[in-house]
Amino acid sequence: MRKLLVLGFVGLLAQLIDGSLGMAYGVTSSTLLLAAGIAPAAASAAVHFSEIGTSLVSGISHAKFGNVDWRTVGILAVPGFVGAFAGATFLVNIDGDSAKPWVALILLALGGYVIWRFLILGGRRPQFKGRPTARFLAPMGLFGGALDAIGGGGWGPVGTTTLLSSGRLEPRKVIGSIDTSEFVVAVGGSLGFLLALGSSGIDWAIVVALLGGGVIAAPIAAYLVRILPARVLGVAAGGLIVVTNARTLLLALGASEAATWWSVGGLFLAWVAGIYWAVRQEITSRRNEAAEIVDDVDDVDGQLTPA
């Protein structure tokens, strides 16, 4: 019983992070399950089945708060489903460790770019022009879905970071759309796991525990996305992807655990400093806007006041 309560808390924490920043549910949950000695395929299957419920509630919550771009969700859904189904059915026995360093390096670079993009604004507001095209979204969905099924997580890191780096959608729309489309990805991966493993290969107690915690956290996370400024969300999401993928890359390159954790700890402190800076910039931006409004009102009053 204690183990299930702990897993429920992990589901809550993982969904709170995932729903707020568009990633980390699968990675967080899978990491803990693997550490507990559960086979990779069984752990990934449990995560995907729990994600059907958590992503559904998360999508509904994001839609309620206006965080979803439905065109993006519609384009991502089919390739994401296909990629997850194929990854779970045909690629379940493939060792994804060999590809992890390359994927981590790409995501690390994208995460760094996202942070830079939002921090160079100074007192200006971030601008988002156009919308992502189908030619951009479809391959991303296929790759993200397959990676998600093979490794137990990947849809959020690939989708959120890539969309944020494109500058086409504001962060809350990126996070809401990725979380909403994740429902279809979770269904595709779960169907694939049923075919590959059968229902006997899935620990339903773990699924229910993760689901319970995730369902509680989903509406809270969607509300946070609605009220947090784009600049802060962008830096927070970019920093999370840098920290997590730096650890993956360092371990893949043979760095010691001590060196890895010192490096990740330094990046974490830099990430916190970046979020603080983003908050300060947002405050400056709002003060400048308020000052401009006051100046405009004074100008209008001056024009209306008779000489």
Side-chain angles (χ1 to χ4, degrees), residues 9-32 67 104-126 153 156-165 167 170-176 178-179 213 217-218 220-253 255-288:
F9 177 75
V10 169
L12 186 149
L13 181 62
Q15 182 57 44
L16 190 62
I17 298 171
D18 186 278
S20 300
L21 300 180
M23 66 193 89
Y25 181 86
V27 173
T28 303
S29 304
S30 296
T31 300
L32 181 73
N67 299 335
L105 181 62
I106 294 171
L107 292 178
L108 185 65
L110 287 175
Y113 172 72
V114 169
I115 295 173
W116 174 81
R117 184 177 179 276
F118 282 96
L119 285 185
I120 64 169
L121 292 167
R124 294 175 289 117
R125 288 281 186 185
V158 170
T160 300
T161 312
T162 305
L163 280 178
L164 282 175
S165 65
E170 58 182 305
R172 72 182 184 91
K173 294 279 189 180
V174 170
I175 293 169
I178 291 296
D179 266 21
I220 301 172
Y223 175 72
L224 290 176
V225 170
R226 178 69 180 87
I227 63 174
L228 287 176
R231 187 195 321 264
V232 177
L233 277 176
V235 174
L240 178 62
I241 204 68
V242 167
V243 170
T244 54
N245 284 280
R247 178 181 180 275
T248 301
L249 190 59
L250 287 169
L251 290 176
L253 294 175
S256 66
E257 283 284 350
T260 298
W261 283 113
W262 276 108
S263 300
V264 170
L267 287 173
F268 178 80
L269 292 177
W271 177 31
V272 173
I275 294 175
Y276 173 76
W277 191 9
V279 171
R280 296 287 299 176
Q281 287 185 334
E282 186 66 25
I283 292 173
T284 300
S285 177
R286 295 191 178 191
R287 284 176 177 171
N288 291 341

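Quick caveat: nothing in here was measured; it's all calculated off a predicted structure. Positions are given from 1, in the same order as the sequence printed here.
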Expected output: side-chain Asn67 to main-chain Ile175 donor-acceptor under 3.5 Å:
no
On a heavy-atom basis, which atom in Trp271 and which in Val235 lie closest, and how many Å separate them?
NE1-O, 3.5 Å
Heavy-atom closest pair, residues Ala255 and Thr260
CB-OG1, 3.6 Å
Is any side-chain heavy atom of Glu257 closer than 4.5 Å to a side-chain heavy atom of Leu251?
yes
Correct closest heavy-atom pair for Thr160 and Val174 would be O-CG1, 3.7 Å
